[in-house]
Amino acid sequence: MRLASVRGMRDILPAETGLWQGVEGAIRELFGRYAYREIRPPVVELAELFARGVGAETDIVHKEMYVFPDRKGQMLALRPEATASVVRAYVEHAMHAGSDLVKLYYLGPMFRYEKPQMGRQRQFHQYGVEAIGSLDPALDAEVADLAAQLVADLGLDRARLRFRVNTIGCAADREGYRGVLLSHLGPRAVGLCSDCRRRLEQNPLRVLDCKVPSCREIVCEAPSSADHVCSACAEHFEGFKGHMEALGLSYEQDATLVRGLDYYTRTVFELASEELGAQDALLGGGRYDDLVALLGGPETPAVGFAGGMERLVMLLHREDREEPELDWYVIPVTDDPEVVRWTSQILAAMRRAGLAADRAYVRKALRKSLQVAARKAKGAVFVGPEEIASGAAKARDLAAGVERVVSLAALVDPDAVRGQLAAEEAS
RNA sequence: GGGAGCGUAGCUCAGAGGUAGAGCACCGCGCUGUGGCCGCGGUGGUCGCGGGUUCGAGUCCCGUCGCUCCUCCCA
């Protein structure tokens, strides 16, 4: 069989890369505006980082991570997410020493060995922010506001997006709530699905977001974590919600919102879209106050979120018209060596002057070359014996269908070109 | 990991046991240095891959790989 890309890993072709660059540009611009600076951690880390940071028992680490030994037998992993890497870098480079609050963002490929489907690939791309060094609930709200602003900037329909928030408390609260939850769910275990009976022992919180109808019934009567957090965490959550309202961000509180990574504490949130099908989470995040210390740094609270690029691109995909990108397409009208040389010289001059230009390299009927030109460029320039003799060229506006003789100097002057085209369109 | 559907030309798809097709795209000609229309002609396929049944398989059977959807999980 012919060689093909690896399952779950796809090519992003030129027809799509324009959209990707646009989304990436919007992300970088917005995150910069919120005072986050880019960090680029490596794609490969010690496998242990994720086992410790994300949690050895989480699905992501336990079942989905690409793990392999290098040539010296060291166990490495392709990163399944970036927060652990960013925090590792924060600790490794003692970034706490340089600033009271460190705000970082990243953008790049992640890897999870899952069954591929719409909106879920084995290599996918995430963007995200991490604000490390403050426990202020206003910072949680800033991160949520940033997420909301991103989808607004990209022009997504707010009515079809759902912002859900919850609190799962600090580490001590989680331990306490785990007991409360167990004593509620334990007697009802018979009614739970087989997965949930297993979760009951490993991570009872995950029973909460099970989608099996019978489990949901049992779960909706279960005590919610928000009612079982300590007063400090409850106050923090109230503060967070207050700031959300102050910023005009609408949300729904959802007691079943539990994230799949072990490091989360207190605030958790998720933004989902109705338009994405089964994989509807656009972005998700929350607070992780214990992770920095867990990875060997000082006790440092932090909050962040991550979102999926593919899912964002999918929502924007409806407008995919392809417009000519080049300013000029230069066509030699004969095979004459002199003509061909002039063509290359004019082309080079245009490019050096900052114009986007290309030329016909495939010899064919002139009208065919014009068809190609109309697909690729805003204007066509003809080079032949007549043009060489007069020292000017025939330039054609391909949208307006108007043609006029232009001096070579005008051809390579970006301002003149714009004036020229505008004048032709007006006439 | 569990379940379902689909893989035929670059793209969208017909073909239901008997010579692999259409539309679009691409190339050429009509139209010698001027586009989008029209007409005519042409290039292009180990029918995902491997086995089996049959005189004969794109078509039926089994396996496998891939895609899509659900479940699961999350971004």
Side-chain angles (χ1 to χ4, degrees), chain A residues 1-10 13 15 54 58-65 79-83 107-128 147 193-196 198-199 203 206 209-213 215 257-261 270-273 276-285 304-315 324 329 331-336 339 360 362-377 379-387 393-403:
Chain A
M1 208 173 88
R2 232 162 55 180
L3 258 44
S5 67
V6 171
R7 178 165 158 84
M9 307 198 178
R10 54 176 44 181
L13 299 173
V54 178
T58 59
D59 286 349
I60 288 175
V61 170
H62 180 236
K63 308 199 305 205
E64 300 169 0
M65 196 157 71
R79 62 180 183 191
E81 61 107 49
T83 300
L107 197 63
M110 310 291 160
F111 304 84
R112 293 183 197 171
Y113 193 90
E114 295 187 88
K115 189 180 266 192
Q117 73 182 65
M118 169 84 107
R120 189 171 76 188
Q121 278 87 47
R122 288 181 174 178
Q123 174 175 339
F124 61 106
H125 299 77
Q126 280 189 342
Y127 55 88
C193 68
S194 56
D195 281 337
C196 282
R198 182 176 44 77
R199 288 182 186 122
N203 189 352
R206 298 216 50 78
D209 66 354
C210 183
K211 277 100 187 169
V212 175
C215 294
L257 177 61
V258 179
R259 317 238 70 239
L261 290 72
E270 188 173 283
L271 188 62
S273 167
L276 283 175
Q279 309 302 318
D280 66 346
L282 234 198
L283 55 89
F305 79 86
M309 285 287 294
E310 280 79 0
R311 293 180 190 180
L312 217 46
V313 169
M314 263 191 276
L315 289 179
Y329 189 75
I331 303 171
V333 301
T334 71
D335 282 334
D336 180 77
V339 168
V362 181
R363 186 71 195 149
K364 61 178 77 177
L366 193 58
R367 64 174 184 287
K368 288 297 180 184
S369 290
L370 253 188
Q371 284 180 18
V372 174
R375 239 185 357 252
K376 293 184 172 178
V381 172
F382 300 95
V383 178
E386 295 168 21
E387 284 76 13
K394 254 186 247 169
R396 186 176 178 84
D397 183 312
L398 290 163
V402 204
E403 192 170 298

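Every chain is numbered from 1, with letters handed out A, B, ... down the list of sequences. Worth saying up front: this structure is predicted, and the values here are computed from it rather than measured.
As a whole-Å value, the separation of A/L366 CG from B/U32 P is 9 Å.
Side-chain proximity of A/L370 to B/G33, B/G28, B/G35: nearest is B/G35. You'll find that the side chain of A/R120 is closest to B/C72, out of B/C72, B/G33, B/U68. Ranking B/G33, B/G28, B/G35 by closeness to the A/K368 side chain, first place goes to B/G28. Side chain of A/E403, nearest nucleotide from B/U34, B/A75, B/G35: B/U34. Here B/C27 is the nucleotide among B/U34, B/C27, B/G35 with the atom lying nearest to any side-chain atom of A/K364. When the nucleotides B/G66, B/A75, B/C72 are ranked by their closest atom to the side chain of A/R7, B/G66 comes out on top. If you check B/G33, B/G2, B/G35 against the side chain of A/K115, the one that comes closest is B/G2. In the set B/U71, B/A75, B/G36, B/A75 carries the atom at the smallest distance from any side-chain atom of A/R112.
Distance check on atom P: B/G33 versus B/C67 gives 47 Å, rounded to whole Å. Between B/G10 and B/A25, the two C1' atoms lie 7 Å apart (nearest whole Å). The gap from the C1' atom of B/G51 to that of B/U68 amounts to 26 Å, rounded to the nearest Å. For the P atoms, the distance from B/C62 to B/C26 is 42 Å, rounded to whole Å. B/G1 sits 26 Å from B/C61 when the P atoms are compared, rounded to a whole Å. A distance of about 14 Å separates the P atoms of B/U59 and B/U19, rounded to the whole Å. Atom C1' of B/A57 sits at a distance of 7 Å from the matching atom of B/G17, rounded to the whole Å.
For A/Q121 and B/A75, a side-chain-to-base donor-acceptor distance below 3.5 Å is absent, hydrogens and geometry of angles not being considered. A donor-acceptor contact under 3.5 Å is formed by the side chain of A/R396 with the base of B/G35.
Here B/A4 sits opposite B/U68 as a Watson-Crick or G-U wobble pair (both hydrogen-bonding atom distances under 3.5 Å). Across the strands present, B/G41 finds its partner in B/C27; the criterion is a Watson-Crick or G-U wobble pair with both atom distances under 3.5 angstrom. Summarising the base pairing, B/C49 is matched to B/G63 through a Watson-Crick or G-U wobble pair whose two defining distances lie under 3.5 Å. Across all strands shown, the partner of B/C13 is B/G21, judged by Watson-Crick or G-U wobble contacts whose two distances both fall under 3.5 Å.
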Report each atom pair, protein N/O against N/O of nucleotides 5-13 of chain B, whose distance is under 3.5 angstrom.
none

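For B/G28, the OP1/OP2 oxygens have no side-chain nitrogen or oxygen of A/R367 closer than 4.0 Å. For B/G66, neither phosphate oxygen OP1 nor OP2 lies less than 4.0 angstrom from any side-chain nitrogen or oxygen of A/R10. Between A/K63 and the phosphate of B/G1, there is no side-chain N or O to OP1/OP2 separation shorter than 4.0 Å. A sub-4.0 Å separation between OP1 or OP2 of B/A75 and a side-chain N or O of A/R122 is absent. At least one side-chain nitrogen or oxygen of A/Q117 sits closer than 4.0 Å to the OP1 or OP2 atom of B/C70.
You can call A/F124 stacked on the base of B/A75; the centres are under 5.5 Å apart and the planes sit within 30°.
With hydrogens and angles ignored, the 3.5 Å screen pairs a side-chain donor or acceptor of A/R122 with a backbone N or O of A/E114.
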